[in-house]
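This report refers to the structure that appears directly beneath it.
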Amino acid sequence: MSRSLMRAGLCLLLLVIAPGLQAETWGGEPTEDGRPPVPASRLDSTADHHKFAELKVPLETGPQVTRACLKCHTEAARQVQESIHWTWDYHQPETGQRLGKRNIINNLCLMVPGNEPRCTSCHTGYGWEGPDYDFTLEENVDCLACHDTTGTYVKFPTGAGHPPLEDRTFQGELIQAPDLNHVARNVGETSRETCGACHFEGGGGDAVKHGDLDSSLLDPPRSVDVHMSPQGGDFSCSTCHEFSGHRQNASRYHINADPQAGIAIPGRRNERPSCESCHGHTPHDPRIHNKLNRHAEFIACQTCHVPELARGGLSTKTLWDWSTAGRLDEDGNPVVETNAEGRVIYHGNKGSMEWAEDYPPEYRWFNGNMRYTLPEETINPSQIVNINVPEGTPRAEGSVIWPFKIMMGRQPYDKVHQTLLPAKLFGPEEDAFWTGYDWDQALAAGVEAAREAGHEGLRFSGEYGFVETRMYWPVNHMVAPAEDSLGCAQCHGQDGRLEDLPGVYIPGRDRHPWIERAGWWAVGGVSLLVLLHGALRLILYRRERRAIWGR
């Protein structure tokens, strides 16, 4: 057989078998340009955790998983322990206040101290049950809470951050124990699911707290969130909330309300999460007079581009009244009442509640700093107490008009010391309100727990009442497509969105007496000139006719 004939036969053989070899080697069909596709595993990670010997031994607890992780990821735990996700503690440099979940009081579940096993089910760690928790123990860091990709990893709601070690029920719902080996072998990047497991459920349930964060963002239509929708940007949370060494610098306690760096550039400290870090300071088509970009100089992007709250089909809580809590039925169980949507509007454990869906936020001047009423600070119970209040004044440098969800509450306060009071709500002890339904005991225990946690200036006189409170939650998510943003008339008019916003003159809303008077004089003067012009034309016309016709 000649060489040319052998080459022809070999080429024919390759043409027959090459497609099959290609599909087997690369795991798929060629791309449109003819190149073989790269397998997903080559893009997802540089390591296959299924092959690690440390993850093949039985893993029965969360800390065992962490110890296995740290054999390779030696610095990860210490990095996490320097983040606010771990410490729940934040020193606000602008206001000088010590904030963070462990230090502030709120008008939802009141305060963390005394309720740790329940509250810390969302802590990125294991075993925080009280003030003696060891924040330095590296095996307490929960790696799986953020890096699970199986969708099976859960923390038990009252387990101080631990996953259930066996199937258990909670409030009638079966919670299955995760296979920790399976989860550990399938770790990956964070996702909307892992972040949302805590942040969508803040305040005790889905959509309760924020108004712009709930489970509808797991797979939202473009109309609900243009960034997170698969039909839009399909962002994960970390697309904007960038982490470096397990630390995410931005915080809702210290927001960059007026970022100046502009478009984020690699190698330069950027200001994410902010709209401007991607869209710049002039995101609109200039058109006539460049009006929209001029508005962006003192109006936050969210003000126009988040037209309503709770748009994903879930209502958000707008009122929590603790003063009505404690009603029990004949069997001694808490009374529960729901609305047509299935939302709880009264619970014997928690009191009365109100909900709202698809409604406008409220607007305030905001420079990024929130000033809190801390537990030891005195209040004026004769008026609404602001749990926190956005700082910022009209036209001041760094202040912009920003949207907020307003959370109203009615909660305990000390009549003698004039301070807001924490309460021990959770636990089997009789001094826990959800066990003994006795406010005197629950408030005394809550104050004692807060003192043990470092709030030594807090005291309980034994005399308490309930005061109306208000809390501001900055709105950043559920960004609508441009075509669904607010129109001019929604602000520039009587009873518009900015009806009660002080410090800015809004045409269509505001009237100045001298401007109004000058305007009417101008209208009158022009009208008089028109009449005078018409009269002169008529007189001249008649004179002309007389000259021609003699009459």
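Computed from a prediction, not measured in an experiment: that's the story for all the values here.
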Any donor-acceptor pair under 3.5 Å from Ser238 side chain to His241 backbone: no
Main-chain N/O of Trp88 paired with Lys101 side-chain donor or acceptor, under 3.5 Å: no
Contact summary for Ala184 and Val65, nearest pair of heavy atoms: CB-CG1, 4.1 Å
Arg118 (side chain) donor-acceptor with Asn115 (main chain) under 3.5 angstrom: no
Test item: Asn106 side-chain N/O and Cys109 main-chain N/O as donor-acceptor pair under 3.5 Å: yes
Point-to-point distance, once rounded to the nearest 0.5 Å, from CZ of Phe404 to CG of Asn388: 8.5 Å
Side-chain heavy-atom pair Val154, Pro164 within 4.5 angstrom cut-off: yes
Whether Ser315 side chain and Glu357 backbone form a donor-acceptor pair below 3.5 Å: no
Short N-O contact, Glu54 and Arg185, less than 4.0 angstrom: no
Test log, rule side-chain contact (heavy atoms from CB on, under 4.5 Å), inputs Thr469 and Leu420: CA-CA 10 Å; Thr469 59; Leu420 296 172; 4.2 Å; yes
Check: Leu137 main-chain N/O paired with Gln81 side-chain donor or acceptor under 3.5 Å: yes
Spatial distance of atom NE2 (His182) from atom NE2 (His50) [nearest 0.5 Å]: 7.0 Å
Heavy-atom donor-acceptor pair, Ser121 side chain to Ala160 backbone, under 3.5 Å: no
Check: Ile105 and Thr373 side chains under 4.5 Å, non-hydrogen atoms: no
Stepwise side-chain hydrogen bond (donor to acceptor under 3.5 Å, both in side chains) test for Gln176 and Asp167: CA-CA 4 Å; Gln176 294 181 321; Asp167 294 354; 4.7 Å; no
side-chain contact (heavy atoms from CB on, under 4.5 Å) between Val224 and Leu217, worked out: CA-CA 8 Å; Val224 171; Leu217 296 182; 4.2 Å; yes
Worked check of side-chain contact (heavy atoms from CB on, under 4.5 Å) between Tyr437 and Leu328: CA-CA 9 Å; Tyr437 298 98; Leu328 307 178; 3.7 Å; yes
Side-chain (Glu430) to main-chain (Thr435) donor-acceptor, under 3.5 angstrom: no
For the student: nearest non-hydrogen atoms of Tyr346 and Gly326, plus distance: OH-N, 3.7 Å
Sidechain N-carboxylate O distance under 4.0 Å for Lys209, Asp214: no
Within-4.5 Å side-chain heavy-atom neighbours: Cys237 and Met228: yes
Atom pair CG/CD of Asp219 and Glu193 - distance to nearest 0.5 Å: 9.0 Å
Pairwise side-chain contact, Arg311 with Val306, heavy-atom cut-off 4.5 Å (strictly under): yes
Non-hydrogen atoms of Leu314 and Ala207 that approach each other most closely: CB-CB, 4.0 Å
Distance in Å, Gln248 CD paired with Cys240 SG, rounded so as to fall on 0.5 Å steps: 10.0 Å
Test salt bridge (Lys or Arg N to Asp or Glu O under 4.0 Å) applied to Glu337 and Arg327, step by step: CA-CA 11 Å; Glu337 299 171 356; Arg327 283 172 50 202; 3.2 Å; yes
Minimum heavy-atom distance between Ala442 and Phe433, given as atom pair plus value: CB-CB, 3.7 Å
Test side-chain hydrogen bond (donor to acceptor under 3.5 Å, both in side chains) applied to Ser352 and Thr324, step by step: CA-CA 6 Å; Ser352 305; Thr324 63; 2.8 Å; yes
Asp148 side chain to Thr150 backbone, donor-acceptor under 3.5 Å: yes
Reported CG-to-CD1 distance for the pair Leu110 and Ile104, which is rounded to 0.5 angstrom: 11.5 Å
Backbone of Thr338 reached by a side-chain donor or acceptor of Arg343 within 3.5 Å: no
Non-hydrogen side-chain atoms of His254 and Pro93 separated by less than 4.5 Å: yes
Test: Lys317 and Glu354 ion pair at under 4.0 Å: no
Side chain proximity check, Val475 to Leu309, heavy atoms < 4.5 angstrom: yes
Parallel, tilted or perpendicular, as decided by the 30° and 60° cut-offs, for the rings of Phe170 and Phe156: perpendicular
Atom of Ala445, atom of Asp431 and distance for their closest heavy-atom approach: CB-OD2, 3.5 Å
Distance flag, aromatic centroids of Trp86 and His123, threshold under 6.0 Å: yes
Option passing side chain to side chain donor-acceptor pair (under 3.5 Å) with Tyr126 (candidates Asp142, Thr120, Asn140): Asp142
Approximate separation, where rounding is to 0.5 Å, of Leu70 CG and Glu138 CD: 6.0 Å
Criterion side-chain contact (heavy atoms from CB on, under 4.5 Å) on Thr95 and Tyr253, from CA distance to verdict: CA-CA 10 Å; Thr95 65; Tyr253 301 113; over 6 Å; no
Charged N-O contact under 4.0 Å between Glu429 and Lys424: yes
Side chain proximity check, Met370 to Pro474, heavy atoms < 4.5 angstrom: yes
Heavy-atom side-chain contact between Arg410 and Ser323 under 4.5 Å: yes
Cation-pi, Phe135 ring and Arg102 (6.0 angstrom, 45 degrees): yes
Geometric class of the His199/His85 ring pair [parallel <30°, tilted 30-60°, perpendicular >60°]: perpendicular
Nearest atoms (heavy-atom pairs only) where Phe426 meets Trp434: CA-CE3, 4.0 Å
Sidechain N-carboxylate O distance under 4.0 Å for Lys405, Asp212: no
